[in-house]
Protein chains: 2
Amino acid sequence: MATGRTHRPATRSRGIPEATVARLPLYLRALTALSERSVPTVSSEELAAAAGVNSAKLRKDFSYLGSYGTRGVGYDVEYLVYQISRELGLTQDWPVAIVGIGNLGAALANYGGFASRGFRVAALIDADPAMAGTPVAGIAVQHTDDLDRIISDNGVSIGVITTPPGAAQQVCDRLVAAGVTSILNFAPTVLSVPDGVDVRKVDLSIELQILAFHEQRKAGEEAAADGRAGVDGDADTDAPPMRATPAGRKGPDGDMPAVMPA
Amino acid sequence: MATGRTHRPATRSRGIPEATVARLPLYLRALTALSERSVPTVSSEELAAAAGVNSAKLRKDFSYLGSYGTRGVGYDVEYLVYQISRELGLTQDWPVAIVGIGNLGAALANYGGFASRGFRVAALIDADPAMAGTPVAGIAVQHTDDLDRIISDNGVSIGVITTPPGAAQQVCDRLVAAGVTSILNFAPTVLSVPDGVDVRKVDLSIELQILAFHEQRKAGEEAAADGRAGVDGDADTDAPPMRATPAGRKGPDGDMPAVMPA
DNA sequence: ATGTCTTTGTGAACGCGTGCACAAAGATAG
DNA sequence: CTATCTTTGTGCACGCGTTCACAAAGACAT
């Protein structure tokens, strides 16, 4: 789900490809599971299967980190867990602030996957005065007015935005001004940030829309083509059927199906 | 943020590149905003800025859908909204079932971004008998035992999994058996599904880990390099400092920092 | 020590996605 | 009708990411 990084065209950080960085957490999860089962070593083949990727890709990914495997044997699980954790920066504690404590913000505050990976929810911030002091996931919600101080006092460098779209940019600006340099944005808004600030966007409805696209295609293919396992039905099943304005003039406003409520 | 599609290597559906499909919802959102402000037409430049992408990329994306613009003028907003909606399959109603009504499941059930884009939460399903009947977001939670019937009765083809990781694969199997062909997976598990079923994964903690990686790099670069705007600090600031096992033998189990709780 | 067998690490080819830069198309003015 | 100006649509080149396929490296047996 979610869309890739927003700014930062493809910085190829320290020689490690962005695509590889994005997969490291995947490997880490699989390795942690093996570690818990006290498995001492894994082959690239096994680990790749557990992580759901190609084994060649996994080996190449690891090769960017260094030569951590033993030929004929595989990778030492514990050692690899440590190396990847270090590479991802998970050997240190990251205080995180969540701004916008609605349903989603509360869910994230309660999400166990954060705490278990070096992330600590240091502060919950909301603009609603009525929420101030209310404990969510064991942490008292604080008011937006104190955002600056909260960020500074806790040394927060990673912020999570779960506000309504209208407030997102303003919150973002204030976070950045207070010293936050990495933002995870759940609001459906394109945030603009100064250079040096990383933004990653998670858009829940976009994921569903992508699924809907494929779903529709599957349904259409099924109806049109018979026989043969679907390769690439070339004949345009649903090519532009009708054109609102033959040669495009302004405001064709009556014959357009009201498709999108919002 | 979130990770891209899981299976389906890159099917290039109906000639529209995956990368383009993933951006269509972005354009759609920007266009909808323009539509609400009654803006009749936009240039690729303006729309690209609003969507946060390159204008050439946007034009190329639209070219896959057909020639919907007018040279010298731009794109008709309403018409484009309709075309993209149709292409994404949003002109029809998609009943969606959410399985696992914890914090996240409840947040999704309440999320407005779904209903406004053709997705209708048709059913909420949970394994806890105590939850059965409880209304969440105005919909009564139903028990997992009835999963099959619920999916069939409502014609659900898109399922959302927000269960704990241990239950995810089993729920997935049951959804697929009941006829679901698209799955949005929030559980941190690699799901295996038969061909023809699409899985998209959203992993909240992975996004944070990627941010942490860049955050760490920024901090390291700052400390090491001075002067010059950071291009690519080549000298390995934190290359393999110590190796647990010099030539890798089995189970080095004492000198490894306990980094990962779980 | 030598040979066999397993598994890594990587060179090389390929394909997709991106962005430049420009020609074609149409609007608009005179 | 002609000229000019704007903006699309796309040919092309480049770079990143993926995958294949294999040589090198080490484990293990004899």
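All chains are named by letter (A, B, ...) in the order of the sequence lines, taking the proteins before the strands, and each is independently numbered beginning at 1.
Note: B/Tyr68 and B/Tyr75 fail the aromatic proximity criterion, with ring centroids not under 6.0 Å apart.
OP1 or OP2 of C/dA21 has not a single side-chain nitrogen or oxygen of B/Arg59 nearer than 4.0 Å. At D/dT8, one or more side-chain N or O atoms of B/Ser44 fall inside 4.0 Å of OP1 or OP2 (strictly under the cut-off).
As a whole-Å value, the separation of B/Asp61 CG from C/dG19 P is 11 Å. Rounded to whole Å, atom P of C/dG9 lies 10 Å from atom CG of A/Leu65. When rounded to the nearest whole Å, the span between CD of B/Glu45 and P of C/dA21 equals 14 Å. In this entry the distance linking CG of B/Asp76 with P of D/dT8 reads 13 Å, nearest Å. Rounding to whole angstrom units, CG of residue B/Leu80 and C1' of D/dT7 are separated by 15 Å. Between the CG atom of B/Leu58 and the C1' atom of C/dC20 there is a distance of 16 Å, given to the nearest Å. Distance, A/Ile16 CD1 to D/dG17 P: 12 Å, rounded to whole Å. Between the OH atom of B/Tyr68 and the C1' atom of D/dT10 there is a distance of 17 Å, rounded to whole Å.
Heavy-atom distances to DNA chain C give each of A/Val73 and A/Ala56 a nearest nucleotide, and the one nearer the 5′ end belongs to A/Val73.
Note on B/Phe62: nothing from the nucleic acid sits closer than 4.0 angstrom, heavy atoms only.
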Handout entry: B/Gln169/B/Thr189 under side-chain hydrogen bond (donor to acceptor under 3.5 Å, both in side chains): CA gap, chis, key distance, verdict
Key = CA-CA 8 Å; B/Gln169 182 63 59; B/Thr189 318; over 6 Å; no
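Listed nucleotides C/dT8, C/dG9, D/dT10 differ in distance to A/Ser43; the shortest reach to its side chain belongs to C/dT8. The side chain of B/Asn54 lies closest to C/dG19 when the candidates are C/dG17, D/dT10, C/dG19. Considering only the side chain of B/Glu18, C/dG17 comes nearest among C/dT8, D/dT10, C/dG17. Here the nucleotide nearest the side chain of A/Tyr75, chosen from D/dA27, C/dG9, C/dG17, is C/dG9.
With hydrogens and angles left out, the side-chain atoms of B/Glu36 and B/Thr32 include no donor and acceptor closer than 3.5 Å. B/Tyr79 and B/Gln83 share a side-chain donor-acceptor pair at under 3.5 Å. Between the side chains of A/Thr20 and A/Asp61, at least one donor-acceptor pair of N or O atoms lies under 3.5 Å.
With hydrogens and angles left out, the side chain of A/Arg71 and the base of C/dT7 share no donor-acceptor pair within 3.5 Å. Looking at A/Lys60, its side chain comes within 3.5 Å of the base of D/dT19 through a donor and an acceptor atom.
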